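Remarks on the structure that follows.
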Amino acid sequence: MSELLTGKTIVIMGVANKRSIAWGCAQTALAQGAKLVLTYQNERIKQSLQRFVPDEADLIECDVADDDNIAQTFTTIGERYGKINGLVHAIAFADKETLEHGLVSTSRAGYDLAQEISAYSLIAVAKAAQPLMTDGGSIVTLTYFGSERAVPHYNMMGVAKAALESSMRYLASELGEQGIRVNAISAGAIKTLAVTGIKDHGNLLKISRERTVDGKDVTVTEIGNVAAFLMSDMATGVTGDVMYVDKGVHLI
């Protein structure tokens, strides 16, 4: 399998460092021939990305907490590329206090912040990307098994991921007439920056590894491969779905 994405412009949102799932998606997209746009939240993250992102990938600022900034981001992308064919949304956030305490202790502000960044942002970027998907396209978001089961210490993020998955399904239904597919990848637990924010994440990673069918962690490359498939024309019949890339952890 090679160059599934030749001639396609793909936007990937959420690369934080080399261990990011989003970076695994970006590497696969480049290997499959895509023109790649990576968005970053602020200058600090941009400087970090410039240390390892190849020159052929375009870097454009986008703070998903700011609607005007989102609009400007996609205006810039439209001016540079004319249209896009795919978008990977790999963005989630909850503040430290919210992550460290149980759901019953979640404050109103902590709830709102987690939902805004982790779930509403998918709706916001889909709205902004929609006019650029003139030939149809594919939107993929990243979720986790904690959306359906009470995973210890995942707490508010599980609630936000459940809202994200529901948003994905409604967007898939609404955007389907325009040839835009919307799906989610439920990724296995990987030691990323996001996971290290979860209390007792070491035990979560250990249990996840023990429950994979081969006793090995899923990799960001394996997740990126599925994202590339969903971005490609080989997946035109797939929409509104959650695809598990966790080596069978969800089976138990």
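Worth saying up front: this structure is predicted, and the values here are computed from it rather than measured.
Arg169 CZ: more than 12 foreign heavy atoms inside a 6.0 Å radius. No more than 12 heavy atoms of other residues, nucleotides or ligands shown are found within 6.0 angstrom of CD on Glu177. Remark: Lys35 NZ is loosely packed, at most 12 non-hydrogen atoms of other residues, nucleotides or ligands lying under 6.0 Å away. For Glu97, the CD atom sits in a loose shell: 12 or fewer heavy atoms of surrounding residues, nucleotides or ligands are nearer than 6.0 Å.
To the nearest 0.5 angstrom, Leu5 atom CG is 8.0 Å from Met231 atom CE. One distance of note links CZ of Arg108 with CG of Leu113; it measures 14.5 Å at 0.5 Å rounding. How far OG of Ser121 is from CD1 of Ile70: 7.5 Å, rounded to the nearest 0.5 Å. Taken to the nearest 0.5 Å, the OH atom of Tyr144 stands 15.0 Å off from the CG atom of Leu164. Put simply, CE on Met13 and CD1 on Ile60 are 10.0 Å apart, with the number rounded to the nearest 0.5 Å.
Between Asp233 and Lys8 a salt bridge is recorded (basic side-chain N to carboxylate O distance below 4.0 Å).
Under the 4.5 Å side-chain heavy-atom criterion for Ile, Leu, Val, Met, Phe, Trp and Tyr, Tyr244 and Val249 are members of distinct hydrophobic clusters.
Side-chain atoms of Glu174 and Tyr170 form no donor-acceptor pair, as typed in the model, at a separation below 3.5 Å. Judged purely by distance below 3.5 Å, without hydrogens or angles, the side chains of Glu79 and Thr75 never pair a donor atom with an acceptor atom.
The two residues Ile91 and Gly14 come nearest to each other via the heavy atoms CG1-CA, 4.1 Å. Taking each heavy atom of Thr236 and Arg181 in turn, the nearest pair found is O-CD, 3.4 Å.
Taking the six-membered ring where the residue is Trp, His250 and Phe145 present perpendicular rings, their angle passing 60° and hence far from 30°.
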